[in-house]
> 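My questions all concern the structure below.
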Amino acid sequence: MPNSKSRPVGFGYVDGSNVFVAGMQYAAARRGFAPSAHEAAVHRMADPSWRCNFRALHELMFPPTCAEGQAVIFGSYGEPGTAVWEHPAQYAGFTVDLLRRNAHNREKQVDSALTTMMLTDIRYMRPERGDIVTLVSGDSDLVRPVQALQKAGVKVRVRSWEHAASRELIATADEYIPLDPHFNELTYTA
């Protein structure tokens, strides 16, 4: 964990599904498959060829003025070996926490795992140093954990695709920065 005494330390937590699914919806709208990312989400349209540039995501989460304390991405998998993004995310500097999908192939426990780690890590966060949490998710289930961090004096920045961001989470965050303007840099190209 962090040993910085003067520089603020950044802690980053990513809901992988929120980033990937919403990113594919945004990509679908950009390619003209839907009139907007919101409409793509409503009609369950996505561009399955879109891939996340994890290095760019990592850089957006941690400004050069911060020391890095934690960078974790949470996701799920169906069959063993199906999380094709695991190694690229690790290579970009993320710790990857994968949870198995249930028998109906539905994601379970990702928000609770993210919340547990974020609130466990609070013991390393120092508000007086200016430490900040960057949460990459738009999920309204994370409002209460964000409020718990704020009650402890920690500032929370939320980043998400605009069409997938809960208005409640945006209103709760100390700062909200959409991912949409960074689509090109967040798009992995071989």
Side-chain angles (χ1 to χ4, degrees), residues 1-23 52-77 83 85-100 107-161 164-179 182 185-186:
M1 274 296 132
N3 58 10
S4 174
K5 293 186 183 194
S6 58
R7 276 187 8 178
V9 175
F11 295 81
Y13 307 91
V14 180
D15 178 340
S17 297
N18 188 278
V19 170
F20 306 132
V21 172
C52 182
N53 180 335
F54 293 101
R55 185 156 314 281
L57 179 62
H58 193 276
E59 288 172 6
L60 287 173
M61 293 173 63
F62 298 102
T65 56
C66 279
E68 183 183 323
Q70 180 81 283
V72 185
I73 187 166
F74 297 83
S76 62
Y77 68 94
W85 53 268
E86 179 181 8
H87 295 297
Q90 289 172 334
Y91 184 72
F94 288 99
T95 298
V96 176
D97 190 340
L98 289 174
L99 300 145
R100 187 167 175 83
E107 183 176 271
K108 292 293 176 190
Q109 302 179 15
V110 168
D111 287 346
S112 61
L114 187 153
T115 297
T116 300
M117 183 171 282
M118 195 165 56
L119 294 179
T120 300
D121 286 349
I122 201 168
R123 67 181 177 242
Y124 303 112
M125 298 173 191
R126 301 287 176 260
E128 69 277 3
R129 187 172 52 200
D131 291 0
I132 188 163
V133 166
T134 299
L135 174 63
V136 183
S137 178
D139 199 327
S140 64
D141 288 347
L142 298 169
V143 167
R144 291 269 178 118
V146 166
Q147 291 170 333
L149 288 166
Q150 291 168 327
K151 187 174 181 181
V154 179
K155 294 206 179 304
V156 180
R157 172 188 302 130
V158 171
R159 301 203 72 150
S160 180
W161 301 102
S166 150
R167 298 297 146 217
E168 197 177 5
L169 184 61
I170 290 172
T172 302
D174 293 292
E175 181 181 15
Y176 170 70
I177 307 169
L179 294 175
H182 303 282
E185 61 196 279
L186 287 170

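All values below were derived from every heavy atom in this structure, side-chain atoms included, with hydrogens, water molecules and symmetry-related copies excluded.
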> Quick one: does Leu114's side chain get under 4.5 Å of Leu135's, heavy atoms only?
yes
> Nearest 0.5 Å, what's the CD-CZ distance between Glu168 and Arg144?
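Answer for the CD-CZ pair, Glu168 versus Arg144, is 9.0 Å.
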> Which atom names give the shortest non-hydrogen contact between Asp139 and Asp141, and what distance separates them?
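Scanning both residues, the minimum pair turns out to be OD1-N, 2.9 Å.
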> Please name the pair of heavy atoms, one in Val9 and one in Glu68, separated by the smallest distance, quoted to 0.1 Å.
CG1-C, 4.1 Å
> Determine whether a donor-acceptor pair (N or O, by modelled atom type, separation under 3.5 Å) exists between the side chain of Arg7 and the backbone of Cys66.
yes
> How far does CE of Met125 sit from CD of Gln70, to the nearest 0.5 angstrom?
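Met125 atom CE to Gln70 atom CD measures 8.0 Å (nearest 0.5 Å).
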> Quick one: does any side-chain atom of Gln150 pair with a main-chain N or O of Thr172 as donor and acceptor, under 3.5 Å?
yes
> Quick check: closest heavy atoms across Asp131 and Tyr124, and the distance to 0.1 Å?
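Reported closest heavy-atom pair: OD2-O, 3.9 Å.
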> I want to check something: taking the side chain as every heavy atom from C-beta on, are Leu186 and Leu60 in contact at a cut-off of under 4.5 Å?
yes
> Angle between ring planes, Phe11 versus Tyr13, binned at 30° and 60°: parallel, tilted or perpendicular?
parallel
> Hey, does the side chain of Asp174 reach the backbone of Arg157 with a donor-acceptor pair shorter than 3.5 angstrom?
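The answer is no, because no donor-acceptor pair under 3.5 Å joins these two groups.
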> Quick one: pull up CD in Glu175 and OG1 in Thr134 and give me the separation to the nearest 0.5 Å.
8.0 Å
> Is any side-chain heavy atom of Leu149 closer than 4.5 Å to one of Ile122?
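Yes, close enough: below the 4.5 Å cut-off.
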> Taking all non-hydrogen atoms of both residues, which atom of Ser160 and which atom of Tyr176 are closest, and how far apart?
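Distance-wise, the nearest heavy atoms are O-OH, 3.2 Å.
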> Taking atom CD1 of Ile170 and atom CD1 of Ile177, what is their separation to the nearest 0.5 Å?
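So the CD1 of Ile170 and the CD1 of Ile177 are separated by 12.0 Å.
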> Could you walk me through whether Val136 and Asn18 pass the side chain to side chain contact (heavy atoms under 4.5 Å, CB included) test, one step at a time?
CA-CA 8 Å; Val136 183; Asn18 188 278; 5.9 Å; no
> Identify the heavy atoms of Leu169 and Ser137 that sit nearest to each other, and give their distance.
CD2-O, 3.5 Å
> Could you grab the distance from atom OG1 of Thr95 to atom CG of Asp97, nearest 0.5 Å is fine?
9.0 Å
> Report the distance from atom CG of Asp111 to atom CG of Asp15, rounding to the nearest 0.5 Å.
5.5 Å
> Set out, in order, the CA-CA distance, both residues' side-chain angles and the distance that settles ring-ring contact (aromatic ring centres under 6.0 Å, His included) for Phe20 and Phe54, then state yes or no.
CA-CA 11 Å; Phe20 306 132; Phe54 293 101; 5.8 Å; yes
> For Ala148 and Leu119, work out which heavy atoms get closest and say how close.
CB-CD2, 4.0 Å
> Any sub-3.5 Å donor-acceptor pair from Arg55's side-chain atoms to Tyr91's backbone N or O?
yes
